[in-house]
Amino acid sequence: MAGERRGVIPQSEDFSAWYNEIVFRAELVDRGPVRGTMVVRPYGYRIWELLQADIDRRIKETGHVNAYFPLLIPESYLRREAEHVAGFAPELAVVTHAGGRELDEPLVVRPTSETVIGEMMARWIGSHRDLPMLLNQWANVVRWEMRPRMLLRTTEFLWQEGHTAHVDEAGALRETMLALGLYADVAREVAAMPVVEGEKTEGERFPGARQTFTVEAMMRDGRALQSGTSHYLGTNFARAFGIRYTAESGALEYCHTTSWGMSSRMLGGVIMTHGDDRGLVLPPALAPYQVVIVPIGHGDQAAAVQTAAADLTVRLRRAGIRAHLDDRPHVSPGFKFNDWELRGVPIRLELGPRDLADGAALMATRLGACKTAVPLPSAPERLTDELAAFQALLLRRATDFRDSRTRPADTWAEFTDAVRTGWTLAFHCGSPECEDEIKAETAATPRCIPSDGPPEGGRCVRCDGDSAYGRRLIFGRSY
RNA sequence: CGGGAUGUGGCGCAGCUUGGUUAGCGCGCCUGCUUUGGGAGCAGGAGGCCGCGGGUUCGAAUCCCGCCAUCCCGACCA
């Protein structure tokens, strides 16, 4: 009976059903009352906070400052940049009534903030001495989605958007690449997601951008997830909003601007990169509880176990470990084991009378098959090491997985075969029509032109035209 | 927007074909006792505008019409 099924639907059976079940059962999110909206529950929000804190620190360390811009934007602002409005028009939510009457000018709920921020930058920037202007905001944005997927594509989501203005193209491009590198570092070091840095092709570019860069990650079903993007906007928005400065020479010049963002979608990436058939697997850096201690009490021994477990919890916390004592009464140890595994806790410590007699706790890692005794006196040091090893293991495991599902394709047959299970590296002619044909036939799209791809010549895998990028592109199906 | 499906306690479902007394079951929840080393047992208990509106009928969860919502598959998509 379905209601009695205790495990989750296996990934191999139905990856998308597995994903859905995980996000709800692990209590990361719930559905909001409006289609496509999402409630981030405390456990999920804690993960977001940990990710957010890390990103925020890195953003500040590189000289950016946080600010906040309004949710509502005059519709006319969007129109000022032709490509921008064309790109976003289908997913805009528009406010037409307020204060009990129809508004003279409709307001859009921000899908992103280039326009308002551009307007304000134009007001704040006068001279080259005001540059570069390095801003960031943490905000929610709304993009109407026809096919929502929790955390990956919801109508409203949380993100960080950096917006900067520079004197010239070189400065703005340097910034664009700095943000991209920051995202790659966050993905690898915090989320344990190996990402490929690269540039988007014309067809996949941000509306209004000169160049769009991305970090792409592979999920366990072989599909790609764009996990962060960074755009060089040229002077497009500067011209649309009058972001100008007086140069040293006295000439009035347009700024070169950038924007870049990483969102709550990243949590979906973490789930699909590391999760397995027992549930979530969280990298220690993002785990609300890195170590959960399950006391196992037998009648009159319960008190001694409780004391020891509480003491252990405190000692782990003093060592900087996010430790949690699961002292729920009337919930069996077996239930707790499964519960915390579903929720992705990296390490579990079992503490019962037998362990107490040995002066140790029994350690089970989320990915390990067996349990190991850990002497209580050295537990804090030992667990600090174990957590670091676990974090490293996740990255290595995900990297191996990605590499095993990525192969070059020089023929159309190799191409179609490769994108069924993962990514392929192939030459392309650069024509958008050719990209569309590939997409129509295989559902695969160019994910990026890898920054570190070796220069190489060849023929387009689809139409045999000249390779347009001087190297192979990554193709794959994506979220 | 097209195709398919589903709406019944918090969750998962049965009942509907062939209308009929008090709408069932599992999980969860509450109380008590016994338990606790991989999803505990027993006993008792609470909880329902059967998606919404109309119609047929002595009588509708069940039949008819309309609407709404959600999910899946497409198309679309930072």
Side-chain angles (χ1 to χ4, degrees), chain A residues 1-9 14 16-17 20-21 24-25 27 30-37 83-84 86-92 111-112 114 141 143-150 152-155 157 159 161 183 200-201 203-209 212-216 224-231 259-263 265-266 278-279 294-302 305-306 326-342 348-358 361-362 364 369-371 373 436 439-440 443 445 447-448 478-479:
Chain A
M1 237 184 278
E4 285 183 358
R5 200 191 64 241
R6 286 179 160 156
V8 295
I9 295 168
D14 186 342
S16 138
N20 265 316
E21 193 170 345
F24 294 127
R25 280 185 53 175
E27 298 184 354
D30 205 343
R31 277 187 236 285
V34 174
R35 177 185 159 77
T37 61
E83 286 182 26
H84 194 63
F88 279 111
E91 34 189 337
L92 290 181
T112 177
E114 275 75 6
V141 286
R143 298 176 186 182
W144 216 255
E145 286 294 345
M146 296 165 86
R147 280 189 69 179
R149 253 158 111 29
M150 288 295 122
L152 297 172
R153 214 170 32 218
T154 46
T155 282
F157 59 91
W159 76 347
E161 49 180 322
Y183 292 150
K200 285 292 191 187
T201 61
E204 301 268 320
R205 200 174 288 157
F206 174 78
T212 287
F213 297 85
T214 176
V215 289
E216 297 283 326
L225 184 75
Q226 177 174 311
S227 306
T229 51
S230 185
H231 317 290
S259 67
W260 27 277
M262 187 174 258
S263 74
R265 161 184 269 199
M266 193 70 181
R278 285 196 287 174
V294 178
I296 299 162
H298 280 289
D300 50 341
Q301 291 162 309
V305 168
Q306 274 303 327
D326 185 357
D327 55 2
R328 285 177 289 179
H330 309 306
V331 176
S332 73
F335 182 90
K336 291 175 181 176
F337 298 167
N338 287 286
D339 194 32
W340 293 115
E341 279 165 9
L342 171 68
R348 179 182 72 241
L349 291 177
E350 302 172 18
L351 195 61
R354 290 210 295 266
D355 312 294
L356 222 48
D358 298 343
L362 212 49
C370 52
K371 303 177 185 181
D436 289 346
K439 185 179 180 184
T445 51
R447 300 322 305 151
C448 70
S478 71
Y479 278 97

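Chain identifiers are assigned alphabetically (A, B, ...) following the order of the sequence lines, protein sequences preceding nucleic acid strands; residue numbering begins at 1 within each chain. All values derive from a computational prediction rather than experimental measurement.
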Look at all strands and tell whether [X] reaches a base, only sugar-phosphate, or nothing, counting heavy atoms closer than 4.0 Å.
| X | answer |
| --- | --- |
| A/Arg348 | base |
| A/Trp159 | base |
| A/Pro90 | nothing |
| A/Arg265 | nothing |
| A/Glu91 | sugar-phosphate |
| A/Ser263 | nothing |

Between A/His84 (side chain) and A/Pro207 (backbone), is there a donor-acceptor pair under 3.5 Å?
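Flag set: sc A/His84 to bb A/Pro207 pair under 3.5 Å.
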
Look only at the side chain of A/Tyr183 and the backbone of A/Gly261, and say whether a donor-acceptor pair between them is shorter than 3.5 Å.
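Yes, the answer is positive, given that a donor and an acceptor are paired below the 3.5 Å cut-off.
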
Which of these nucleotides, [options], is closest to any side-chain atom of [X]?
| X | options | value |
| --- | --- | --- |
| A/Met146 | B/U35, B/C1, B/G37 | B/C1 |
| A/Glu350 | B/G39, B/G37, B/C71 | B/G37 |
| A/Pro333 | B/U36, B/G38, B/A75 | B/U36 |
| A/Pro353 | B/A75, B/G37, B/C77 | B/G37 |
| A/Asn20 | B/C1, B/C72, B/G37 | B/C72 |

For a quick test of reading the model: is some side-chain N or O of A/Arg25 closer than 4.0 Å to OP1 or OP2 of B/C11?
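False: A/Arg25 side-chain N/O out of range (4.0 Å or more) of B/C11 OP1/OP2.
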
Would you tell me if any nitrogen or oxygen in the side chain of A/Ser332 comes within less than 4.0 Å of OP1 or OP2 on B/A40?
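Affirmative; the distance criterion is met.
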
Give RNA chain B the dot-bracket treatment, 5' to 3': Watson-Crick (N1-N3 with N6-O4 or O6-N4) or G-U (N1-O2, O6-N3) under 3.5 Å, [ ] crossing, | other strand.
(((((((..((((......[...)))).((((((.....)))))).....(((((..]....))))))))))))....

Would you say the side chains of A/Thr155 and A/Glu145 form a donor-acceptor pair under 3.5 Å?
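Checked: A/Thr155/A/Glu145 side chains show no N/O donor-acceptor pair below 3.5 Å.
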
Gap in Å between the two [atom1] atoms, one belonging to [N] and one to [M], rounded:
| N | M | atom1 | result |
| --- | --- | --- | --- |
| B/A60 | B/U18 | C1' | 14 Å |
| B/G45 | B/G51 | P | 28 Å |
| B/G47 | B/G41 | P | 25 Å |
| B/A46 | B/A40 | C1' | 23 Å |
| B/C63 | B/U17 | C1' | 11 Å |
| B/C25 | B/C50 | C1' | 16 Å |
| B/G15 | B/C76 | P | 39 Å |
| B/C27 | B/G20 | P | 28 Å |

Determine whether any donor atom in the side chain of [X] lies under 3.5 Å from an acceptor atom in the base of [N], or the reverse, and answer yes or no.
| X | N | result |
| --- | --- | --- |
| A/Glu341 | B/G38 | yes |
| A/Asp355 | B/G37 | yes |
| A/Lys336 | B/G37 | no |

I need the [X] [atom1] to [Y] [atom2] distance, nearest 0.5 Å.
| X | Y | atom1 | atom2 | result |
| --- | --- | --- | --- | --- |
| A/Asp326 | A/Trp340 | CG | CH2 | 5.5 Å |
| A/Met150 | A/Asp30 | CE | CG | 8.0 Å |
| A/Glu204 | A/Ser478 | CD | OG | 7.0 Å |
| A/Arg265 | A/Thr154 | CZ | OG1 | 9.5 Å |

For RNA chain B, whose closest nucleotide is more 5', that of A/Arg147 or that of A/Arg354?
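Residue closer to the 5' terminus by nearest nucleotide: A/Arg354.
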
On RNA chain B, does the nearest nucleotide to A/Arg278 precede the nearest nucleotide to A/Lys439 from the 5' side, or the other way round? Give the residue.
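The residue mapped nearer the 5' terminus is A/Arg278.
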
Give a yes or no on whether a salt bridge exists between A/Lys336 and A/Glu341, defined as a side-chain N under 4.0 angstrom from a carboxylate O.
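A salt bridge is absent here (no side-chain N lies under 4.0 Å from a carboxylate O).
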
Salt-bridge test for A/Glu350 and A/Arg348: reply yes if a basic N is under 4.0 Å from a carboxylate O, no otherwise.
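Yes, charged N to carboxylate O under 4.0 Å.
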
